[in-house]
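Just so you know, these numbers come straight off a predicted model, no measurement behind them. Numbers restart at 1 for each chain; the letters A, B, ... are given by sequence-line order, proteins then strands.
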Amino acid sequence: MANIVETTDLTPRRRGLSRRLSTKGPTNIVLGIIGIVWLVPTVSLLIISLRPEADFGVSGWWKALLDPSSLTFSNYRVLFDQGFAAGGLLDSLMTSIEITVPATLLVTFLACFAGHSLVFGRWRGRDVVFLVVVGLMVVPVQVALIPVVQFYHELGDLFGLNPYGTIPGVVIFHVAFGLPFGIFLMRNFMSGIPKDLLEAARMEGAGEWKVFYRIVLPLALPALASLAIFQFIWVWNDLLVALVFLGGNAHTPLTVFLYDQNHELQANYWIISTGAIVSVIVPLIVFFSFQRYFVRGVLAGAVK
Amino acid sequence: MASVVLRNLTKQYPGNNAPSLEALNLEIDDGEFVCLVGPSGCGKTTALRMIAGLEDVTSGDIEIGGRVVNDLPSRDRDIALVFQSYALYPHLTVADNMSFGLKLRKVPKAEIEEAVQSAAKILDLVDLLNRKPAQLSGGQRQRVALGRALVRDPAVFLMDEPLSNLDAKLRVQTRAEIAQLHHRLQATMLYVTHDQVEAMTMADRIAVMNLGVLEQYGTPRELYNLPKNKFVAGFIGSPSMNFVSMRINRDAERVHLTGIGADSSIKVTLTDEQSDILRKSDGDDIVVGVRPEHLIEGSIDHAGFSAVATVEVIEFLGNDEHIHALSGDTDLVAILNAHSGVARGDSITLSAPLDTVHIFDPTSGLRLN
Amino acid sequence: MSASAINVHRRLGTHRPWIREHAVSLAFLAPAAIWLLFVVVYPTFDTVRLSLFNESATKFLGLTNYKTVFSTDTILTAFRNNVIWVLIFPFFVTTFGLIFAVLTERIRWATAFKALIVMPIVFSTTASALVWATIFDNSPQIGAVNAAALTVSDWFNAPGAYPVSTSAGQSVAGLVGSNSRAEKNSSIVSISSARAGGSINIGLRDVSPATLTLLKAQSAVKPQRVSGAITGVVWRAFSPTAPTNTTDILPGELGLPLLRLALVNSQGATVATTTTTTTGQYKFSNVGKGSYSVELESSNFSSGFTGISWLGGSSITPVSGLGQTAQALLAVPLADIAMIIAYLWIWAGFAMVLIGAGLASLNREVLEAARIDGAKEWQVFRRVTVPMLSPVLAVVFVTMIINVLKVFDIVLNMASGSSVNATPTLAVEIYDDAFTGGVHSGVSSAIAVILFLLVLPAMIMNLKRIKGV
């Protein structure tokens, strides 16, 4: 009654890095120019892919901006008409999907379990294991490629099942190298979940599995989304691992397809650009739909 | 040292309905220590930041040392600001923190050294000069923030709730130190706080603000004894003033005030003077205020205020007891001597002398006596 | 708190069996752990082992493979290229990220801008490499960079009507025919001189018929003498019927139009200029006293801009005068620069996002304190903002160093035939050695181990950072 201190809303404080609003105009212009410059490569690729093959060596793609009617989807039609012929664009698209989706699902799945264990497990050596995981994050794939290839061949010799040259072989490798970052991400996120929640559940008799399934997992969904998107884009865009394990294969992912086009059949700019656009559309869709999660994944990668 | 004058200072954030600060007029004399107090959102920090040049002025003028500084950037206003969060440069040592401003002005090294040393001595920072803020305690950081301001030797010191991040004991100690500093430097200081105790103990004059408006500007004594309105009366003093809604009974000689409904045991009798001033009719509502420290247990002659109440809670404070008692529907707080012998559940009479009773208009909140 | 919970359980006898509780947690970890062990940890050790053996892993070679690494030219080139990448890229990408992050703080459309800049990360490096290969293409018809350079260059240094392509082995001297000699500054000067009323004729050889057709050249005609003026004709001194006669103007020989001529007096100063007509004739009127010669200006023969070969084999040599191997090692292939620019396009967004996050978490009041202390905006930035950002900047920098040590996709896809030898990086070398050509030697494992060692400091830094939490 007597001593009521009224708490009205705190007035919002506009504290920019600089209050010099007079520089807003030039800043906008500069950033506008930078933005346009940044877009040029992508736009150029798109335009090239939309020009008839004949135009290519004759005039710069920018000429097409002055004459939009010259643009056509003919390149795309040709490539799509090939259908799913092995080594074609659509076939490579399918291969990319066949590699990326399982790899993403597996990494996400395994990482969230592992993350939980590293945060809420109370066994000795837990922290050491986490440090190992952190250390593994910077290990370059080159350091494991040769032995794994050999290992695959040995498996073939021993059991008749040689993963080399198969999609599972690639997926296995991608999962392995996606796990350290994935576990790191999940672990960091999960350690922000108040331990009290789990204590309360445990006191009521819930076992580890229930705790994971009913409390941790639902809360960790944003981080899972970030990881999935990040992993998806990473695997979709990989070239080296695909080259090593599937190079020369009948079915290769889009990155290898583009590489082949570029190196064996160099003059085929129209195929290359069209293929590149197609290969870029899927990650772009993923990126724009889940921009927030993607950025969070990027941030988590470098910040504690 | 300089005076600070605010004329019709107004701040309106776009997107807010009401202005954060509405036509504030304030004059701070050279060498004065003035406190801006008020609850959160009252506009005191906004005013301070506008004086510092960290917020733009929507309308009105700010004068420092006689010149209008509205369009001057912060660095040209000859002010120093001690932030609530200290805002020390984390990558610099204490000494570098304090000398940052002087280095920017290309003051000769020897002078900088001297200024830093003398400030460090005053604030007992000499041993800490080579440490970084992360290695300091809260109280030490606070002193570094003060030191940074001190070294600048500004015309006006601005302080934004500098003590609110300190623990209670340190707060009391630092309060005294700041007051001493003011006395020593005879500097113009403008101090923002939500704690009225700080304001009362340190300020030459206090400006009480609420919702962007200045409620009252005066010395601590004036604010305590002669609050302009209910807000100021309730804001100054701890525990705060008891307020009772009452009804006017005019009889031939005097005006009596009776508690409404269940509070009927509460009675206030006014002096002749007070009755004359009161331009209210019989049956009108009125608000009465009595400070807890003015309430006495028992009846007194010529009581201005009396109430019968049941003791609910007793807070023992060593020498005093804060008694929370319920009279009808109204809570009353009284400060009694610890030896009063009052116990929970007792029915007691609380009285206060006539001259300690304040009368307020129920709608405008203005004090009427 | 958990301790008391356990105590409660112990007292009440409801304590769950230790092994069972931990078993579930460990089981959660197991699949990932096993996966990592088999595919990452064990193979890493195996690579180290392989690096000490020969190709079929039969003979122990000790450090021989490592010695081979440091004495093979291509591998040393790869080292050099990685060094170039490490020295240039992280610095620029961090700087760009910082500038972008700071600038975007002030604008309303920050989210859109950030999306634009970050987008390239989403494209595969392969696709990006192809895009940039196009942009850096030699031909100004295809390559945007060369097209822009051509436009700018033509402004300052337009090609002449009779371009001489030194890169194709031509020279101005090769044009000299009758009554002419080539000068050091690529102009051609008449051997004879004349006074007012006189005539100087100059014959050139090796002018392509195509050029003459383009310039609409007509049959060469000797002009009349004009008093007070110097006249003459410049013609193509070649007739299929009498190829050796270069002094006379034979029928059928064509004049050379649009040649810029300068009238040079006996002191060597130019007193007038003119241009030849379609018949190759020219006239300098009102010539003063003294004898003069005629000069065909060098601008006639400049080939203008022929295009910078970004992805070709040319290099910038910052230091010169060393032995051949050392010289090769210190050259910076232009292609590397082009690839770095492309890589910057891809990764600047990453740096911007990270630094932007760091920027957003800065305590604004510290910056305000700096402003009150007297700092101007630039000083606030340099002395307070950047130092406070140094942890984030360091993280970006180190992450990018690691990234660049492994750079592969972009080199593979941007390097063309002529630059492939100059631009490989360590990752490319490993791939080339181990996976193309069938047999993988221990050398590629050795390179892989070295790569790992290079990355090790970053790993240790990361561990220290995490441990300190």
Side-chain angles (χ1 to χ4, degrees), chain B residues 45 48-55 64 69 72-93 96-107 112 132-134 141 144-162 165, chain C residues 90-91 94-95 97-99 101-103 105-111 351 354-398 461 464-469:
Chain B
T45 305
L48 193 77
R49 287 173 58 84
M50 288 168 83
I51 298 173
L54 299 174
E55 303 275 354
I64 299 181
V69 299
L72 284 182
S74 309
R75 62 177 178 270
D76 295 329
R77 296 191 187 196
D78 199 13
I79 46 148
L81 176 54
V82 179
F83 288 85
Q84 185 176 355
S85 67
Y86 320 133
L88 301 179
Y89 306 117
H91 57 289
L92 298 178
T93 60
D96 288 333
N97 257 282
M98 298 208 289
S99 57
F100 187 77
L102 295 181
K103 282 203 191 114
L104 283 173
R105 284 161 220 267
K106 305 221 183 351
V107 171
I112 297 182
K132 293 227 176 111
R141 288 184 208 169
V144 176
L146 272 173
R148 187 167 62 179
L150 203 54
V151 159
R152 292 273 316 284
D153 194 23
V156 181
F157 281 87
L158 303 172
M159 293 188 242
D160 186 5
E161 308 204 40
N165 289 351
Chain C
F91 171 74
T94 311
T95 308
L98 179 62
I99 295 175
V102 167
L103 288 180
E105 277 247 336
R106 303 182 194 195
I107 60 174
R108 266 182 254 264
W109 50 291
T111 323
L354 250 62
I355 298 178
L359 216 49
S361 68
L362 283 188
N363 184 356
R364 290 284 176 272
E365 291 189 338
V366 178
L367 304 177
E368 289 176 344
R371 274 181 211 122
I372 293 181
D373 260 347
K376 303 196 188 69
E377 282 317 307
W378 171 248
Q379 289 170 319
V380 173
F381 181 74
R382 190 170 73 85
R383 286 166 173 267
V384 184
T385 312
V386 172
M388 280 174 75
L389 276 178
S390 49
V392 179
L393 294 175
V395 165
V396 171
F397 201 77
V398 170
M461 270 180 59
K464 274 202 179 147
R465 232 181 353 118
I466 301 290
K467 242 186 172 182
V469 176

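By the side-chain contact (heavy atoms from CB on, under 4.5 Å) test, B/Pro90 is found to be paired with C/Val366, C/Met388, residues two or more places apart in sequence or in another chain being considered.
Within residues 146-154 of chain B, the residues approaching chain C closer than 4.5 Å by heavy atoms are, in numerical order, B/Arg148, B/Arg152. Against chain C, the residues from residues 98-105 of chain B that qualify, each with a non-hydrogen atom under 4.5 angstrom away, are B/Phe100, B/Gly101, B/Leu104, B/Arg105 in number order.
If you take CD1 on B/Ile79 and CG on C/Asp373, they are separated by 10.0 Å, rounding to the nearest 0.5 Å.
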Only pairs under 3.5 Å count here: list side-chain donor-acceptor contacts from residues 80-88 of chain B, not counting sequence neighbours, and write none if there are none.
| unit_1 | atom_1 | unit_2 | atom_2 | d |
| --- | --- | --- | --- | --- |
| B/Gln84 | NE2 | B/Ser164 | OG | 2.9 |
| B/Ser85 | OG | C/Glu365 | OE1 | 2.4 |

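No option in C/Gln379, C/Arg371, C/Lys376 other than C/Lys376 meets the side-chain contact (heavy atoms from CB on, under 4.5 Å) test with B/Arg75.
Formation of a donor-acceptor pair under 3.5 Å by the B/His91 side chain with backbone atoms of C/Arg383 is found in this model.
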